[in-house]
Amino acid sequence: MREELQAIEKEALEKIENADQFQQLQQVQVEYLGKKGSITKVLRGMGKLAPEERPVIGELANNVRKTIQAALKEKKEALEKAELEKKLAEETIDVTLPGRPVHFGGNHILTSIIEEIEDLFIGLGYEVREGPEVETDYYNFEALNLPKGHPAREMQDSFYITNEILLRTHTSPVQARTMEAYGGDKPVRMICPGKVYRRDTDDATHSHQFTQIEGLYVDKNVRMSDLKGTLKLFAEKLFGKDRDIRLRPSFFPFTEPSVEMDISCAVCGGDGCNVCKHTGWIEILGAGMVHPRVLEMAGYDPNVYSGFAFGMGPDRIAMLKYGIDDIRRFYTNDIRFLKQFHEA
Ligand code: PHE
């Protein structure tokens, strides 16, 4: 029996040694160690042995079993390692291959213009504020000296949610909201970019939704010359150092006096061309000194405080700056149009 067991061990170890597939190891396992395997068979014959021999053979059988098990384990690990190495060799990455392009989005052109303007005013100490697009009649009109029935309301018809709630027609309501928030005894320097709405028939220069940036500066001794200096700086920053500005008298119920600002045409330099309709000037924004009633309604004493306000349209600014012929292009999401303004 001893010889039998030794033969089994030798045979099994040889088979394991020569195996090059997992399946072969499995076979060895069944053939030698399984319930019907060779070792079990030998042990069945133990009954024929002398009692003092049994433990000796039992121990030997156990040792043979252990040796075969250890050899199987070792070979299995070796095969696994070889397989992994083969896989790694086959799947080597060629790091010299060109990468797959990653597509980046970019800012909408109006966002870029708004950010450029924000940068300038933040540098001048202004705060950037926000206001609601769904606005009350009070802030959109009344607090701006446009009482119910005022004829100037005609020019800013809107989308009404109720008689008292509407989509704001301009960013000017944020003037009143900001002054109220500041409490009537602190200087205010803020700009507010955002979407505004008008009941308009859409065409190349009109859209029922567009953007504005409001500006408000309230302090003691604020004068018209401060407004002019600020607007000149703005024109130079956005349209280049050589731009001239001019202020023309205008009317807004919430400013007095009111002006409209023109810049000298960047296309012809002021000589006259199609873009400036042969006047040499292009209208850019509305502005003026904050009306005393507007200051008062928002809690500022007009005898102590004065201020200026302006409202400009980033759509119009972008159209002029880049020669865009139709305002609807900003809002129809044609990626070919929008991508032109992404930085490379
Ligand atoms: N809110 C005015 C408009 O939409 C623009 C404006 C703002 C004018 C501030 C004067 C001062 O037409």
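Heavy-atom basis, side chains included; hydrogens, waters and symmetry copies ignored. When a ligand or atom number is given, it counts from 1 through the structure's own listing order.
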>> For K232, I'd like to know if atom NZ has over 12 heavy atoms of other residues, nucleotides or ligands within 6.0 Å.
In response: yes
>> Using the side chain to side chain donor-acceptor pair (under 3.5 Å) criterion, which residues pair with E74? Sequence neighbours excluded.
In response: none
> What orientation do F234 and F239 show, parallel under 30°, tilted 30 to 60°, or perpendicular over 60°?
Replying inline: perpendicular
Please tabulate protein-ligand N/O pairs under 3.5 Å for ligand 1, atom names and distances to 0.1 Å.
residue  : atom  : partner : partner atom : Å
ligand 1 : 1 (N) : H170    : ND1          : 3.0
ligand 1 : 1 (N) : S172    : OG           : 2.8
ligand 1 : 4 (O) : R198    : NH2          : 3.0
ligand 1 : 4 (O) : Q212    : NE2          : 2.9

> Quick one: ring-ring contact (aromatic ring centres under 6.0 Å, His included) pairs with a partner in residues 70-121, sequence neighbours left out?
Replying inline: F121-Y126, F121-F310
> Can you list the residues that meet the ring-ring contact (aromatic ring centres under 6.0 Å, His included) rule with Y32, with sequence neighbours excluded?
Replying inline: none
> With no hydrogens and no angle check, do the side chains of R198 and T169 hold a donor and an acceptor under 3.5 Å apart?
Replying inline: no
